[in-house]
Asker: 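Pasting in a structure now, in C-alpha cells, and then I'll have a few things to ask.
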Amino acid sequence: MNDLAVRAAELADAEQIAGVHVRSWQTGYFGLIDQEILDGLSIADRADFFYERHGFHADGALKRDERPDHTLFERRRVKNLS
C-alpha cells in the first residue's frame with residue numbers, strides 16, 4: 001500500500017493543482033455546462049490565477065510582502081465536527 005503524505009502546496013505545485021481543477025470541471029460538468037466553456041478552460045490560465053492569488057506574478061516573481069518560502073497555502077487546524 002502507498003503511504004499518503006499531506007503537505008502545504010508550493011509554488012512548483014501550481015500547474016498540477018490547476019490541471020486537477022480544470023480536468024475535474026471538464027469531467028464533472030460535462031453535459032451540464034456549455035461544452036464551449038469547458039473546452040475553453042486553460043491549465044495555464046488557472047495556474048496563473050494560483051500564482052497571482054497567492055502572492056506571485058505569473059512568472060514566479062514574488063510580489064511585495066510575500067513569504068520567501070514560496071508556500072501557497074498555510075497549514076490550518078481542522079475542527080473535529082464529531
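Keep in mind that what you see is a predicted model, and the values were worked out from it rather than measured.
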Asker: Which residues pass the side-chain contact (heavy atoms from CB on, under 4.5 Å) test with A18, sequence neighbours left out?
Answerer: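 Scan of A18 (side-chain contact (heavy atoms from CB on, under 4.5 Å), adjacent residues dropped) gives I43, R46, A47, F50.
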
Asker: If you round to the nearest 0.5 Å, how far is CD of Q16 from NE2 of H21?
Answerer: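 Answer rounded to 0.5 Å: 16.0 Å.
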
Asker: Show the atom names and distances, to 0.1 Å, of all donor-acceptor pairs under 3.5 Å that link a side chain in residues 29-39 to residues at least two apart or in another chain.
Answerer:
residue, atom, partner, partner atom, Å
D34, OD1, E36, N, 3.2
Q35, NE2, D39, OD1, 2.8

Asker: With a 6.0 Å cut-off (strictly less than), is the heavy-atom count around CD of E15, excluding the residue itself, greater than 12?
Answerer: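 Open.
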
